[in-house]
2 protein chains.
Amino acid sequence: MKNVEKINQIAVFKALADPVRLEIVEYLKQTNHEVTCGEVGKAIDISKTSGSYHFKLLQEAGLINARKEAREKYVSLNQKTFNNYVTNFYKNI
Amino acid sequence: MKNVEKINQIAVFKALADPVRLEIVEYLKQTNHEVTCGEVGKAIDISKTSGSYHFKLLQEAGLINARKEAREKYVSLNQKTFNNYVTNFYKNI
DNA sequence: TAGATAGTTCAAAATATTTTGAACTATTTT
DNA sequence: AAAATAGTTCAAAATATTTTGAACTATCTA
């Protein structure tokens with residue numbers, strides 16, 4: 001694995017190594033379409049500050065797509081990143 | 001995902017979310033047979049204390065098989081865990 | 001326009017993880 | 001038997017991550 005990839009790889013695993021973020025990911029997988037951060041936050045019962053922090057980490061890891069529309073931020077899973085860094089991890093190292 | 005699985009899932013991602021442990025895993029993947037902790041530690045240049053700590057976390061996550069033979073501890077990757085918790089993660093959540 | 005809503009940012013406090021060295025057990029070598 | 005080797009354990013120190021609340025920006029609603 002090259003060095004830059006390794007940094008991404010670690011960001012991805014770190015992002016997934018947390019119960020709150022895992023709940024976010026589960027929620028996004030099962031809704032299977034764009035939803036607002038607020039909707040997710042309410043569903044899994046976390047404060048908006050906490051949500052903001054966790055969504056940021058997921059986004060920085062490339063695990064979610066985010067789009068700001070006016071007041072609201074819409075998020076969805078980035079399946080490409082899951083595929084590259086999770087599903088194909090073992091194969092690629 | 002059930003609750004017990006979630007704990008394992010997080011232990012697995014936590015274990016993989018560290019540069020030292022990722023190096024260990026890379027080393028074990030490419031050697032592709034049992035090696036001692038000492039050999040790995042020398043190869044990636046970490047202290048034995050540090051090695052002991054990191055091997056313990058990998059083992060607790062179920063990512064490595066370990067076998068003590070007299071003074072030495074032989075380790076290898078547990079492909080089943082990689083398969084269940086990494087490769088099939090996205091599919092299973 | 002005032003108030004409500006969605007989300008971000010900041011810094012402090014709380015927690016968790018990692019590193020380090022010394023002391024230890026067990027085994028092997030000289 | 002003494003010294004060397006492989007690895008573990010422990011506690012302290014160093015770092016990193018997470019949570020919290022207050023203050024903030026921007027947009028929407030009444």
Side-chain angles (χ1 to χ4, degrees), chain A residues 6-28 31 33-78, chain B residues 6-28 31 33-78:
Chain A
K6 196 168 289 183
I7 289 166
N8 294 338
Q9 182 65 72
I10 287 170
V12 166
F13 282 143
K14 274 193 178 163
L16 295 172
D18 175 271
V20 173
R21 292 189 294 271
L22 224 42
E23 281 200 88
I24 292 174
V25 167
E26 278 189 291
Y27 187 87
L28 294 177
T31 66
H33 59 79
E34 275 197 334
V35 286
T36 64
C37 291
E39 174 180 332
V40 182
K42 263 164 206 151
I44 69 175
D45 194 34
I46 54 174
S47 70
K48 60 188 183 160
T49 310
S50 170
S52 194
Y53 170 69
H54 290 295
F55 283 113
K56 189 176 71 165
L57 294 197
L58 287 168
Q59 204 174 336
E60 285 170 357
L63 288 166
I64 59 175
N65 306 116
R67 173 176 76 79
K68 186 109 188 185
E69 185 177 324
R71 267 191 316 189
E72 313 191 273
K73 183 175 179 176
Y74 288 88
V75 294
S76 60
L77 294 185
N78 182 340
Chain B
K6 196 167 289 184
I7 288 166
N8 294 338
Q9 183 64 73
I10 288 171
V12 166
F13 282 144
K14 275 194 178 164
L16 295 172
D18 176 89
V20 173
R21 291 190 294 272
L22 224 41
E23 281 200 86
I24 292 174
V25 167
E26 278 189 291
Y27 187 87
L28 293 178
T31 67
H33 59 78
E34 274 197 335
V35 286
T36 64
C37 290
E39 173 179 334
V40 182
K42 264 164 205 148
I44 69 174
D45 195 35
I46 54 174
S47 71
K48 60 186 182 158
T49 311
S50 170
S52 193
Y53 169 69
H54 290 294
F55 283 114
K56 190 176 70 165
L57 293 197
L58 287 168
Q59 203 174 336
E60 285 170 356
L63 288 164
I64 60 176
N65 305 116
R67 173 175 77 79
K68 187 109 187 185
E69 185 177 324
R71 268 195 312 193
E72 313 191 273
K73 183 176 180 175
Y74 287 89
V75 293
S76 60
L77 294 185
N78 182 341

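Here is the naming used below: chain letters follow the sequence lines, and residue numbers restart at 1 for every chain.
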Checklist entry - Which of residues 63-72 of chain A sit near DNA chain C, with a heavy atom under 4.0 Å from it? => result A:Lys68, A:Arg71, A:Glu72

Next on the checklist: Taking the side chain as everything from C-beta on, heavy atoms only, tell me whether B:His54 gets closer than 4.5 Å to B:Glu23.
Outcome noted: no

Checklist entry - Within the structure shown, what part of the strands sits under 4.0 Å from A:Thr36 by heavy-atom distance: base, sugar-phosphate, or nothing? => result sugar-phosphate

Checklist outcome for this item: Taken in chain and number order and not counting sequence neighbours, the residues that satisfy salt bridge (charged side-chain N to carboxylate O under 4.0 Å, His left out) with A:Lys56 are none

Checklist entry - Who are the side-chain contact (heavy atoms from CB on, under 4.5 Å) partners of A:Asn78, not counting sequence neighbours? => result A:Asn65, A:Lys80, A:Thr81

Item to check | Any residue meeting side-chain contact (heavy atoms from CB on, under 4.5 Å) with B:Leu57, in chain and number order, not counting sequence neighbours | outcome: B:Arg21, B:Tyr53, B:Glu60

Checklist entry - Is the closest side-chain heavy-atom distance between B:Leu16 and B:Leu63 below 4.5 Å? => result yes

Item to check | For A:Thr31, all residues meeting side-chain contact (heavy atoms from CB on, under 4.5 Å), sequence neighbours excluded | outcome: A:Tyr27, A:His33, A:Val35

Next on the checklist: Between A:Leu22 and B:Ile10, is the side-chain contact (heavy atoms from CB on, under 4.5 Å) condition met? List the steps.
Outcome noted: CA-CA 8 Å; A:Leu22 224 42; B:Ile10 288 171; 3.5 Å; yes

Item to check | chain A contact limits on DNA chain D, taken 5' to 3' with a cut-off of 4.0 angstrom to heavy atoms | outcome: D:dT17 to D:dC28

Checklist outcome for this item: To the nearest 0.5 Å, atom CD1 of A:Ile24 lies from atom CD1 of A:Ile64 at 7.5 Å

Next on the checklist: So B:Lys73, base contact, sugar-phosphate only, or nothing? Heavy-atom distance under 4.0 Å.
Outcome noted: sugar-phosphate

Item to check | Residue whose closest nucleotide on DNA chain D lies nearer the 5' end, B:Thr49 versus A:Asp18 | outcome: B:Thr49

Checklist entry - For B:Tyr53 and B:Lys42, take the nucleotide of DNA chain D holding the closest heavy atom to each; which residue's nucleotide lies nearer the 5' end? => result B:Lys42

Checklist entry - What is the nucleic acid contact for A:Lys56, judged by heavy atoms within less than 4.0 Å: base, sugar-phosphate only, or nothing? => result nothing

Checklist entry - What is the nucleic acid contact for A:Ile46, judged by heavy atoms within less than 4.0 Å: base, sugar-phosphate only, or nothing? => result nothing

